[in-house]
Amino acid sequence: QVQLVESGGGLVQPGGSLGLSCAASGFTFSSYVMRWYRQAPGKERELVASITSRGDIANYSESVKGRFTISRDNAKNTVYLQMYTLKPEDTAVYYCNVFLSKNYWGKGTLVTVSS
């Protein structure tokens, strides 16, 4: 029943920008912290950003702080990740996540940063 569907991935040049979206359903979206993770080939999945249920507090990994912005629209049951000044090392599959007694994940959307 819980579903998370990411979109917006694609190919961008270094220094470029890209926005991701995650459409959520099957739970009371406005009650939960939402998170973005990413996983590059051969690497562990890492937490990129999180945002509180009201959208008032956001946290970021050190590697993306100052470049990425997480936001949410509770009326649309959607969480966003706006990425700026992208670097090749940002290349990864980006996943939307929520914890409701257990972790739920979307299928991911691929972001490739390359010239």
### Task
With Ile70 as reference, evaluate Leu20, Val64, Val48, Ile51 under the side-chain contact (heavy atoms from CB on, under 4.5 Å) test and give the passing residue.
Ile51

### Message
Checking Val79 against Cys22 for the side-chain contact (heavy atoms from CB on, under 4.5 Å) test, could you report, in this order, the C-alpha distance in whole Å, the side-chain angles of both residues, the deciding distance, and whether it holds?
### Response
CA-CA 5 Å; Val79 61; Cys22 171; 3.4 Å; yes

### Query
Can you check whether Lys76's main-chain N or O pairs, donor with acceptor, with Thr78's side chain at less than 3.5 Å?
yes

### Message
Testing Trp105, Phe99, Tyr104 one by one against Tyr37 for a ring-ring contact (aromatic ring centres under 6.0 Å, His included), which residue passes?
### Response
Trp105

#### Entry: Heavy-atom closest contact (Tyr95 atom, Gly106 atom, distance)
CD2-O, 3.4 Å

### Query
Between Thr91 (side chain) and Val113 (backbone), is there a donor-acceptor pair under 3.5 Å?
yes

### Query
Is there a donor-acceptor contact under 3.5 Å linking the side chains of Arg38 and Tyr94?
yes

### Message
Please determine whether side-chain contact (heavy atoms from CB on, under 4.5 Å) holds for the pair Arg45 and Val93, giving the CA-CA distance in whole Å, both sets of side-chain angles, and the decisive distance to 0.1 Å.
### Response
CA-CA 9 Å; Arg45 187 171 298 189; Val93 177; over 6 Å; no

### Query
Distance-only, no hydrogens or angles: does the Arg54 side chain make a donor-acceptor pair with backbone N or O of Ser31 under 3.5 Å?
no

### Task
Check whether any side-chain N or O of Thr109 sits under 3.5 Å from a backbone N or O of Ser7 as a donor-acceptor pair, and report yes or no.
no

### Message
Using every non-hydrogen atom in the two residues, find where Ala92 and Ala40 come nearest and quote the distance to one decimal.
### Response
CB-N, 3.8 Å

### Task
Would you please test Met83 and Ser17 for side-chain contact (heavy atoms from CB on, under 4.5 Å) and show each step?
CA-CA 5 Å; Met83 306 180 292; Ser17 301; over 6 Å; no

### Message
So does Ile57 get a backbone contact from the side chain of Thr52, meaning a donor-acceptor N/O pair under 3.5 Å?
### Response
yes

### Message
Please determine whether side-chain contact (heavy atoms from CB on, under 4.5 Å) holds for the pair Val33 and Val98, giving the CA-CA distance in whole Å, both sets of side-chain angles, and the decisive distance to 0.1 Å.
### Response
CA-CA 7 Å; Val33 171; Val98 64; over 6 Å; no

### Message
Checking the side chain of Arg35 only, and the main-chain atoms of Asn97 only, is there a donor and an acceptor separated by less than 3.5 Å?
### Response
no

### Summary
In short, Arg72 meets Tyr32 closest at the heavy-atom pair NH1-O, 2.7 Å

### Message
Test your reading of the model: is there a side-chain donor-acceptor pair from Asn74 to the backbone of Ser53, 3.5 Å cut-off?
### Response
yes

### Task
Would you please say whether a donor-acceptor pair under 3.5 Å links the side chains of Thr112 and Ser114?
no

### Task
Give, for atom CG of Asp73 and atom OH of Tyr80, the distance between the pair rounded to the nearest 0.5 Å.
5.0 Å

### Query
Between Pro14 and Ser115, what is the shortest heavy-atom contact and its length?
CD-N, 3.6 Å

### Message
Ring centroids only, cut at 6.0 angstrom: are Trp36 and Phe68 within range, meaning strictly under it?
### Response
no

#### Entry: Under 3.5 Å donor-acceptor, Glu6 side chain and Cys96 backbone
yes

